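To start, the structure itself, in C-alpha cells.
Values in this document were obtained by computation on a predicted structure and should not be read as measured data. By convention here, the first residue in the shown sequence is residue 1.
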Amino acid sequence: MSARNPVMHLDLEWVSKVRVNTQAVLKRAQQIQGCKVAKKQWQAAWLLKAVTCIDLTTLAGDDTPSNVHRLCMKAAQPIRHDLLKSMDMHDKGITTAAVCVYPSRVADAVKSLKAANSSLPVASVATGFPAGQTPLKTRLEEVQMAVKDGASEIDIVINRTLALTGQWAALYDEIRQFREACGDAHMKTILAVGELGTFTNVYKASLVSMMAGSDFIKTSTGKESVNATYPVAIVMVRAIRDYYLRTGHKVGFKPAGGIRTAQESVVWLTLMKEELGDEWLSPYLFRLGASSLLTDIERQIYHYVTGRYPAYHELPMA
C-alpha cells in the first residue's frame with residue numbers, strides 16, 4: 001500500500017463551500033463512457049492491470065472456511081497459468097490486490113494465504129457493515145477484532161445519518177476513532193453513495209473522510225440499491241484531486257458493487273487515468289471491489305489467447 005494519509009484538522013469552512021454542478025458531472029461521465037476502448041493486446045494488457053487492482057470479495061451469509069479458502073486460492077492465481085504463459089506474463093507475479101471478507105472470516109483467509117505462501121493482504125469490512133447502524137462501541141470493537149485476526153486493510157462504513165443531517169464534525173470524529181482502531185491497517189471508508197441523496201453530499205462526505213485520515217474512499221457496500229456509478233465516481237475522484245492539490249496527500253479510490261464485466265473494468269481504469277493520472281493506475285491508489293468481475297476478465301483473456309470463448313467447465317470458479 002501507499003504511504004498513509006495523515007489525520008488532518010476538520011476544515012468546516014472548506015466543506016461548507018462545496019457546490020457540485022450536476023449537469024457538468026453527468027456530461028463528463030458520458031464522455032468517459034464514450035472513450036474508445038483498446039483492442040487486442042492492448043485490451044489484454046488493460047485487463048491484466050484491472051486484475052491486479054481487484055479486491056476479490058465474498059460477503060455472503062453462507063460464507064464458510066472452504067469457500068473463503070477457494071477465494072484465496074483464486075486471488076493468488078487469478079488467471080490460468082497456461083493463458084499467462086502464452087502471453088509471456090506467467091512470471092510477472094500477477095495476483096489480485098487483496099481478498100475481502102467479513103471480520104469472522106479473516107482468520108480463515110489469513111490461514112489459507114499463509115498455507116499457499118502468499119503475502120496477499122486480507123481486507124475486512126467492519127463497523128456494522130453494511131448499514132453502519134450498530135452502536136459506536138460495537139463498531140470499534142469489530143475493527144479491533146478484524147485487525148487482531150490479521151486483516152491489514154479495513155473497509156469501514158460511515159454512519160449515513162450523520163452525512164444526511166449535515167453533522168460533519170460528528171462524522172469526522174467517528175471516522176477518526178475508526179482510524180485509531182485500525183492501528184497499522186489501512187482504512188478504506190465506504191460512503192454508501194446510493195444513500196447520500198446528492199452529489200454535493202457525496203463530495204462533502206469524501207472530504208470529511210479524507211480529513212479524518214482515510215487512505216481510500218469507496219463508493220458502496222454493494223448492498224445498496226444504487227452502487228458504483230460513473231457520475232458519483234467523477235464527484236469522488238475530483239474531491240481526491242482537490243484534496244491532493246491542497247494538502248499534497250494522495251488518497252485512493254475504490255468503486256464497488258455491480259461491477260461485473262471486463263469492459264466496465266477498462267472504463268473504470270480510463271476514468272482514473274483521465275481524472276487523476278497514471279499514478280492512480282495501481283493497487284496502491286485504485287481498487288475494484290468485485291466478486292464476479294474476475295470470471296469475465298478471465299473469459300476475455302481466454303478469448304484473446306485462443307480465439308474462442310471457454311466452455312463453462314474450462315475456467316476454475318472464483
Side-chain angles (χ1 to χ4, degrees), residues 4-22 24-25 125-140 142-143 154-182 185-221 223-224 226-229 231-257 275-276:
R4 297 289 298 270
N5 173 39
V7 176
M8 291 184 56
H9 73 285
L10 176 62
D11 187 343
L12 279 173
E13 194 186 343
W14 183 4
V15 175
S16 68
K17 284 179 179 164
V18 168
R19 300 286 178 278
V20 176
N21 181 335
T22 300
V25 168
V125 294
T127 66
F129 180 94
Q133 293 281 11
T134 49
L136 179 61
K137 182 172 179 283
T138 313
R139 285 179 281 151
L140 288 165
E142 199 177 21
V143 173
I154 300 291
D155 290 29
I156 68 154
V157 56
I158 70 165
N159 180 339
R160 271 77 103 195
T161 307
L162 299 179
L164 288 166
T165 52
Q167 298 180 66
W168 301 114
L171 181 64
Y172 169 85
D173 195 50
E174 277 202 4
I175 298 171
R176 210 173 39 76
Q177 288 183 64
F178 295 143
R179 173 62 193 260
E180 219 166 279
C182 283
H186 276 71
M187 184 172 83
K188 307 191 201 92
T189 299
I190 308 170
L191 304 184
V193 290
E195 296 176 349
L196 290 186
T198 66
F199 286 152
T200 298
N201 254 355
V202 168
Y203 194 108
K204 288 180 174 182
S206 299
L207 272 188
V208 171
S209 300
M210 291 187 284
M211 290 172 187
S214 305
D215 298 298
F216 267 71
I217 51 176
K218 175 177 168 182
T219 59
S220 329
T221 64
K223 309 288 186 187
E224 295 94 46
V226 177
N227 294 294
T229 66
V232 145
I234 300 284
V235 174
M236 291 174 70
V237 298
R238 293 209 169 164
I240 288 172
R241 187 168 70 192
D242 290 350
Y243 189 79
Y244 170 59
L245 291 173
R246 193 178 287 207
T247 67
H249 299 303
K250 297 187 181 89
V251 175
F253 176 65
K254 178 177 172 180
E275 288 288 322
L276 290 170

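Residues V25 and Y203 form no side-chain contact, since every pair of their non-hydrogen atoms from C-beta on lies 4.5 Å or further apart. The shortest distance between side-chain heavy atoms of K254 and I217 does not fall below 4.5 Å. The closest side-chain heavy-atom distance from V193 to V226 is not below 4.5 Å. Put simply, the side chain of D155 does not reach to within 4.5 Å of the side chain of F129, judged on heavy atoms. Side-chain contact check for C182 versus V143: some heavy-atom pair is nearer than 4.5 Å. Taking the side chain as every heavy atom from C-beta outward, F253 and K218 never approach each other to under 4.5 Å. Side-chain atoms of M211 and V15, non-hydrogen and from C-beta on, do get closer than 4.5 Å to each other. Residues I190 and I158 are not in side-chain contact: their nearest non-hydrogen atoms beyond the backbone lie 4.5 Å or more apart.
I175 contributes atom CD1, which lies 9.5 Å from atom OG1 of T127 (distance to the nearest 0.5 angstrom). Taking OG of S214 as the reference point, atom CZ of R179 lies at 8.0 Å (rounded to 0.5 Å). The distance from atom CE of M187 to atom CD1 of I156, rounded to the nearest 0.5 Å, is 4.0 Å. Going from atom CE of M236 over to atom CZ of F216 covers 11.0 Å, rounded to the nearest 0.5 Å. Atom CG in D242 sits 8.0 Å away from atom CE in M210 (nearest 0.5 Å). The CG atom of L136 lies 9.0 Å from the CG atom of N159; values are rounded to the nearest 0.5 Å.
The aromatic rings of Y243 and H249 sit tilted relative to each other, their planes meeting at an angle between 30° and 60°.
Of all non-hydrogen atoms in G197 and L164, the two that sit nearest each other are N-CD2, 4.5 Å. The heavy-atom pair separating I154 from A185 by the smallest distance is CG1-CB, 4.2 Å. Residue A256 comes nearest to T219 through the heavy atom pair N-OG1, 3.0 Å, listed as atom of the first residue, atom of the second, then distance.
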### Task
Could you give me the CA-CA distance, side-chain angles and deciding distance for L196 and L191, then say whether side chain to side chain contact (heavy atoms under 4.5 Å, CB included) is met?
CA-CA 8 Å; L196 290 186; L191 304 184; 4.0 Å; yes

### Message
What verdict does the side chain to side chain contact (heavy atoms under 4.5 Å, CB included) test give for V235 and S206, after you've listed the backbone C-alpha separation in whole Å, the side-chain angles of each residue and the deciding distance to 0.1 Å?
### Response
CA-CA 9 Å; V235 174; S206 299; 5.7 Å; no

### Query
Can you list the steps and then say if R241 with L276 is a side chain to side chain contact (heavy atoms under 4.5 Å, CB included)?
CA-CA 7 Å; R241 187 168 70 192; L276 290 170; 3.7 Å; yes

### Task
Take V125 and T221 through the test side chain to side chain contact (heavy atoms under 4.5 Å, CB included) and record every step on the way to the result.
CA-CA 9 Å; V125 294; T221 64; over 6 Å; no

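Residue pairs meeting the salt bridge (Lys or Arg N to Asp or Glu O under 4.0 Å) criterion with at least one partner in residues 164-174, sequence neighbours excluded, are R139-E174, D173-R176. Within the structure, salt bridge (Lys or Arg N to Asp or Glu O under 4.0 Å) contacts touching residues 195-207 (residues at least two apart or in different chains) are R160-E195.
Side chain to side chain, T189 and S209 fail the donor-acceptor criterion of an N or O pair below 3.5 Å.
Checked against salt bridge (Lys or Arg N to Asp or Glu O under 4.0 Å), D11 has the following partners two or more places apart in sequence or in another chain: R246.
Between D215 and R4 there is a salt bridge, since at least one side-chain N of the basic residue sits less than 4.0 Å from a carboxylate O of the acidic one.
Crowding of E180 atom CD: a count of heavy atoms from other residues, nucleotides or ligands under 6.0 Å not exceeding 12.
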